[in-house]
Amino acid sequence: MLNSFKRYGMALLFLFLVIILMLLGTLGVEDFGNHLLKDAHIKTTMKPKGERLAL
């Protein structure tokens with residue numbers, strides 16, 4: 001019982017570590033992109049054009 005708890009505990013810890021690293025990476029890339037486009041006077045928000053498709 002204790003052995004399986006250690007195994008699943010380590011798996012959950014590793015999973016949370018991967019999730020945190022993915023979030024930090026995403027935020028870092030977004031911040032880096034905003035920093036590059038800061039002086040270019042380009043808005044970084046994307047808006048869909050909403051084209052109609054004939055069905």
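None of these values were measured; they are calculated from a predicted model.
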Item to check | Single-linkage hydrophobic cluster, 4.5 Å side-chain cutoff, Tyr8 and Leu17 together | outcome: no
Next on the checklist: Using 0.5 Å steps for rounding, measure from the CG atom of Asp31 to the CG atom of Leu36.
Outcome noted: 10.0 Å
Checklist entry - Measuring from Leu21:CG to Phe16:CZ, what's the distance to the nearest 0.5 Å? => result 13.5 Å
Checklist entry - What distance separates Leu13 CG from Lys6 NZ, expressed to the nearest 0.5 Å? => result 14.5 Å
Checklist entry - With a 4.5 Å limit on heavy-atom distance, are the side chains of Ile20 and Leu24 in contact? => result yes
